[in-house]
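Note that the structure is a prediction, hence the values are computed from the model and not measured.
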Amino acid sequence: MASEKTDGVETHISPSHDTEKNPVTTLNYGDQIPVELLETLAPNGEGDFILDKINNMSEDEAIGIITESLEFHSDDWNFPSDMRERMQRLLLGSKAYGEFYDRDLRIDATMMKWSSPYPGVRAVASPIDDAKVPIETARAYFLGISWAIIGTFMSTFFNSRFPGISLSNSVIQILLYPCGNLLHTILPDWGITVFKVRHSLNPGPWTFKEQMFATITFNIAIYTTNSYGMILVQRSPVYYGLDFIHFGYQLMLTLFVQLMGMGLAGYLRRFSVYPVKALWPTLMPIIALNRALTKPEPRENIHGWTISRYKFFWVTAGSMFVYYWLPGYLFTALSQFNWMTWIAPDNFKLAVLTGSNMGLGLFNPITTFDWNVATSSYAALAQPFFATCTMYIGGILGGFIILGIFYSNMYNTGYLPINSSSAFANDGKPYVVQKIVVNNKLDVKKYQEYSPPFYSAGYVLTIGANFAFYPVYFLYIMVNQWKTIGKAYVDFYKGLRYGKGNYEDAMDVHNRSMAKYKEVPDWWFLIIFVGAIVVNIIWARIYPVDVPVWLIFLVIGVNLVFAVPLSFLSATTGTNLGLGSLIQIITGFLLPNNPNAFLFGQTLGSWALAGYGDNYVQDQKMAHYCKIAPRAVFRSQIGTIIITCFVAVATQNFILNNVEGLCTPDQPSRFTCANDGAPLYSNSLMWGLMGSDRMFNSVYPLFKWCFLIGALISVVFLVGQGLGPKYLPGVRERLRTKLSPERFASLDRTLFPFIASLMWLNPVLIIQGVQHWAPSNMAYKTPGFILSYIFMYWMPRHRLAWWSKYNYVLSSALTAGLAFSALIMFFAVGYHPIRLKWWGNTVSTAGIDGKQVGWLPIPERGYFGPEKGSFP
């Protein structure tokens, strides 16, 4: 038996088969493809289509496609390494390649032209499209908007909780499916004919495209919380406590933030929807699960499992609904499982190193039994393992840097908790801004009598890494991916200047398939963009926020420059980042002593444009893979935005008016605002009131050097990865001749593989891992890393069939069960708190890990740092 491995799937081929003995002499190369291999090449029932393309492709055409593809994907870190190596060997010719040359040559060329080189994309995106399948049906709109309302309520309601809870796409699509089937059963076939097209309440069975359309319609809901952080900090008495933040203010802010981001999406789509390299790995679970739900599922035995996906979802979700009462209420130590600190609760160093609350969560392999905590840092069952692993390494590196900052008492961090996102006064207590603000402005005299705000060691690292991140990602992405991004810039100009279509000159089959649908004209997005700016200007004029109009255009300009590499990073790695730190520096320099302008710049710059624009583009890519008309997506999202903005504001007001102890550290239902209100408030003190000039030159001068550090990091990686492949083989051969065989063999097993791995290491992900600390720590990262290793690395290699069928369903079910359990739990025992006090609910915070203290005692004078009256 001959054995071969293609795209990670091992197949066994009998050499006794005549066509396999003489593959060059036959023209029917499809007969040489085993069933197992064909299932990986055509997993969605398009086997006949793929075989036809393979059988009818000439050798010259295949060689031309592979040559062009290798050059195009030379800088693509997502391109399968085994496929790259195989294609390089194929270009050496049949003698050098060996058996199955003609077959494999045509297989790889067909994947490039008529399918996708990425196994994840092939698994969910069929190259065959039926344009007659109904999409924009009344029932799809009804279900999409209805669940969007529910999703908006959930995401807004739990936005101030740490860690937060939301109904993700993967959860809603599970719930959409029975709703769609129910409407198919009960609705009559009533309809009207418009322009010779009949529109019925019940056009037939619930389809995959309807399911995806409703999912995309819902998807808008989880982003309506983007303006909530600003509203929370302005209105909450724990923070600024402004009295003019009412319904009209909140609605206008929420609405134009959403519309501004959608307007920018028209600019980003040429960079992050149509390029082949923009594969958006986090979309694969969503599409895969919808395909699984809407196609007949044969009964099969997979490693002893015969349960259907749908039944598996409900059993798992129901189990989680019941189980979450343990870590969520009955035995909360299971959620923050800082068991190592229980050994010596009063040991400060042990709490700092291993603690889950005040500490860093290092050296603890089992930090939680709470699914919400375990998946709060990484999309553990969806994000590629290489991305999770790289960020985890960055997280460990960040932990040791924090220890160095803390124990050296750098910037007085030794007097404060090691890892907190809050701002502190010089007596070690939370900062009270009302003591230094008069009419929303800094009162210098009161400030000199009170205290400057101070960061913890963890937050110093977070801010510094944020600053280093921008030159790293901008230089690295723009240089490393310039061929793709540069072409997109040219196409964008030609589209505006000459009306060039998005799908012209397309190499891949998905772009060619989408060409049959009408595109969304650029001027549609432009109208929304201009309309949002008008609403923005009116808002800034009728409310006393002291936001100059020119700031709106400045923030837009910054986003037009940086949003492209940010969006491309999201499209290739599955991460989603904003421009918050960069915007805070700019507003801090230009508008010091103006916290409202700072908050506005943060909200518009970090979420409305780079963040929300990215999310709309992601939805467009999902529609692109599923062959859903772009105009249909555009119409659904515009309507859903308007509806869900009202829902979001109403939910915000409910939370602000009814949750006792909101944004306080000991809020019983964990509505501590640690992930939104506290860091935004801290930054508004530092950069909004104090100003960037004071921060860079007097308070934290190290921050200004972080930009240079980031630039140097990107240059080192670019030069190393650019020159390494050229010179390292020669260095390796010289060492082979100079060193003893034993020593060279040792290096060949250790050093050389490590250096080779650096050639593909992404510094952007390393920095991202470093910067994601306060309020998070390794206790929130380690369980996600372990889950990612099991479900995104080991399982696909050893239990591929089980993984393909159940992995994404498992993630969705656990999240859905937890979300509904937490909602019931809040109204049952959290809204009017019913405390359950016993050892299992107090042990996690009974020791040092539950206290917000530093390793240095406050001096006898009652405060640390500069003398009062001489604050910077």
Side-chain angles (χ1 to χ4, degrees), residues 5-8 40-41 50 53 57 61-92 97 104-125 127 270-281 283-284 384-387 390 476-491 503 505-512 564-565 567-574 621 624-625 717-718 721-726 756-765:
K5 200 168 185 179
T6 304
D7 290 341
T40 69
L41 301 177
I50 293 297
K53 299 303 179 184
M57 182 171 288
E61 182 186 6
I63 291 174
I65 292 172
I66 289 179
T67 302
E68 181 184 0
S69 299
L70 279 174
E71 171 63 22
F72 180 77
H73 290 281
S74 61
D75 56 358
D76 185 356
W77 46 64
N78 285 307
F79 196 85
S81 57
D82 58 336
M83 188 174 184
R84 188 193 306 274
E85 294 169 1
R86 185 172 61 249
M87 291 167 70
Q88 290 170 341
R89 288 189 290 114
L90 285 167
L91 291 182
L92 297 177
Y97 185 83
D104 291 353
L105 180 73
R106 287 161 176 81
I107 287 176
D108 284 353
T110 299
M111 291 301 98
M112 298 305 306
K113 184 174 182 179
W114 295 104
S115 184
S116 172
Y118 310 108
V121 175
R122 288 203 304 271
V124 301
R270 292 183 186 267
F271 301 92
S272 302
V273 173
Y274 311 116
V276 179
K277 296 176 186 176
L279 69 160
W280 292 96
L283 298 181
M284 309 310 168
F385 177 69
F386 88 89
T390 307
Y476 186 79
I477 297 295
M478 293 297 282
V479 174
N480 194 279
Q481 300 293 331
W482 178 248
K483 286 189 297 184
T484 301
I485 294 176
K487 183 179 184 301
Y489 273 120
V490 172
D491 290 343
Y503 307 113
D505 305 325
M507 176 182 177
D508 70 308
V509 68
H510 299 297
N511 274 310
R512 297 197 303 271
V564 169
S567 182
F568 193 81
L569 176 67
S570 300
T572 53
T573 65
K621 187 70 177 188
H624 186 80
Y625 282 145
F717 273 89
L718 286 170
Q721 293 177 355
L723 300 180
K726 182 177 180 181
S757 68
L758 293 180
M759 295 300 99
W760 285 97
L761 191 64
N762 191 330
V764 177
L765 296 176

Smallest heavy-atom separation, Leu105 atom then Ala62 atom, equals CG-CB, 3.7 Å
State the OG1-CG distance between Thr67 and Leu91, to the nearest 0.5 angstrom.
-> 4.5 Å
If we only count heavy atoms from C-beta on, is the Lys621 to His510 side-chain gap below 4.5 Å?
-> no
Nearest heavy-atom pair of Phe386 and Leu765: which atoms, and what distance?
-> CE1-CD1, 3.9 Å
Heavy-atom pair with the smallest gap, counting every atom of Ser115 and Val509 | O-CG1, 3.7 Å
Worked verdict on Asp508 versus Tyr274 for side chain to side chain contact (heavy atoms under 4.5 Å, CB included) | CA-CA 9 Å; Asp508 70 308; Tyr274 311 116; over 6 Å; no
With rounding to the nearest 0.5 Å, note down the distance linking CG in Asp104 to CE in Met83.
-> 10.5 Å
CD1 of Ile66 to CD of Glu61, rounded to nearest 0.5 Å, is 11.0 Å
What's the shortest heavy-atom distance between Ala278 and Ser272, and which atoms?
-> CB-O, 3.5 Å
Leu283 CG to His624 NE2 distance, which is reported to the nearest 0.5 Å = 11.5 Å
Please examine the side chains of Met284 and Val121, heavy atoms only from C-beta on, and report whether any two atoms are closer than 4.5 Å.
-> yes
Can you tell if the side chain of Met112 reaches within under 4.5 Å of the side chain of His73, non-hydrogen atoms only?
-> yes
Please round to the nearest 0.5 Å and tell me the distance separating atom CG of Leu70 and atom CG of Asp76.
-> 11.5 Å
Could you walk me through whether Glu68 and Lys113 pass the side chain to side chain contact (heavy atoms under 4.5 Å, CB included) check?
-> CA-CA 11 Å; Glu68 181 184 0; Lys113 184 174 182 179; over 6 Å; no
Can you measure from CD1 (Ile63) to CZ (Arg106) and round to the nearest 0.5 angstrom?
-> 8.5 Å
Is Lys277 close enough and on-axis enough to Phe79, meaning under 6.0 Å and within 45°, for cation-pi?
-> no
Less than 4.5 Å apart, any side-chain heavy atom of Val276 and any of Tyr118?
-> yes
Between Arg122 and Ser116, which heavy-atom pair has the shortest distance, and what is it?
-> NH1-O, 2.9 Å
Closest heavy-atom pair and its distance - Trp114, Ile50 = O-CD1, 4.2 Å
Do Asp108 and Arg86 meet the salt-bridge criterion of a basic N to acidic O distance under 4.0 Å?
-> yes
